[in-house]
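Heads up: the structure comes next, in structure tokens.
Because the structure is predicted, anything quoted here is derived from the model rather than measured.
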Amino acid sequence: MFNSSAISRAEYDPGSRVLKLWFAQSGGPYDYVSVPQHIFDGLCRAISKGAYFNEHIRDRYSVR
């Protein structure tokens, strides 16, 4: 579980490069495809998970 008001949970599979996110408001999971490991690592380290998501993930990776 993340300490975030925006994202409640995140999982990453480096083999398939799928980032799975659960959002506090809309639930999930939402699968983001072709996400590099460093993006997931940055999300985990970010002080604001929501701001990081908006800047580095939203509208940059496809959701399936």
Side-chain angles (χ1 to χ4, degrees):
M1 176 183 261
F2 275 177
N3 182 16
S4 170
S5 61
I7 300 171
S8 58
R9 181 175 167 192
E11 295 177 1
Y12 182 70
D13 179 359
S16 64
R17 294 176 24 135
V18 170
L19 173 61
K20 194 175 289 257
L21 294 177
W22 287 259
F23 294 93
Q25 296 296 318
S26 60
Y30 295 89
D31 293 345
Y32 292 84
V33 297
S34 301
V35 177
Q37 177 78 47
H38 75 273
I39 295 293
F40 174 65
D41 294 341
L43 177 65
C44 292
R45 287 192 307 266
I47 293 169
S48 172
K49 312 296 190 220
Y52 187 91
F53 171 80
N54 287 334
E55 288 182 36
H56 300 281
I57 300 169
R58 172 183 265 164
D59 300 328
R60 293 177 187 260
Y61 299 98
S62 299
V63 180
R64 63 168 185 193

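- One hydrophobic cluster holds both Tyr32 and Tyr12 under the rule that ILVMFWY side chains link at heavy-atom gaps under 4.5 Å.
- Under the side chain to side chain donor-acceptor pair (under 3.5 Å) criterion, Ser16 pairs with Asp13, sequence neighbours left out.
- In terms of the side chain to side chain contact (heavy atoms under 4.5 Å, CB included) criterion, residue partners of Ser62 (sequence neighbours excluded) are, by chain and number, Val33.
- Applying the side chain to side chain donor-acceptor pair (under 3.5 Å) definition to pairs two or more places apart or across chains, those involving residues 43-55 are Asn54-Arg58.
- Between the CD atom in Gln25 and the OG atom in Ser5 there is a gap of 8.5 Å [rounded to 0.5 Å].
- Rounded to the nearest 0.5 angstrom, Ile7 CD1 and Leu43 CG are separated by 5.0 Å.
- Checked against ring-ring contact (aromatic ring centres under 6.0 Å, His included), Phe23 has the following partners two or more places apart in sequence or in another chain: Tyr30, Phe53.
- Side chain of Tyr61 to backbone of Ser34: no donor-acceptor contact under 3.5 angstrom is found.
- Put simply, the side chain of Ile57 does not reach to within 4.5 Å of the side chain of Val35, judged on heavy atoms.
- Summarising the hydrophobic clusters (Ile, Leu, Val, Met, Phe, Trp, Tyr; side-chain heavy atoms under 4.5 Å, direct or chained), the residues clustered with Trp22 are none.
- Evaluation of the salt bridge (charged side-chain N to carboxylate O under 4.0 Å, His left out) test over residues 14-39, restricted to residues two or more places apart or in two chains, returns Lys20-Asp31, Asp31-Arg64.
- Taking every heavy atom of both residues into account, Ala6 and Gly50 meet most closely at CB-CA, 3.9 Å.
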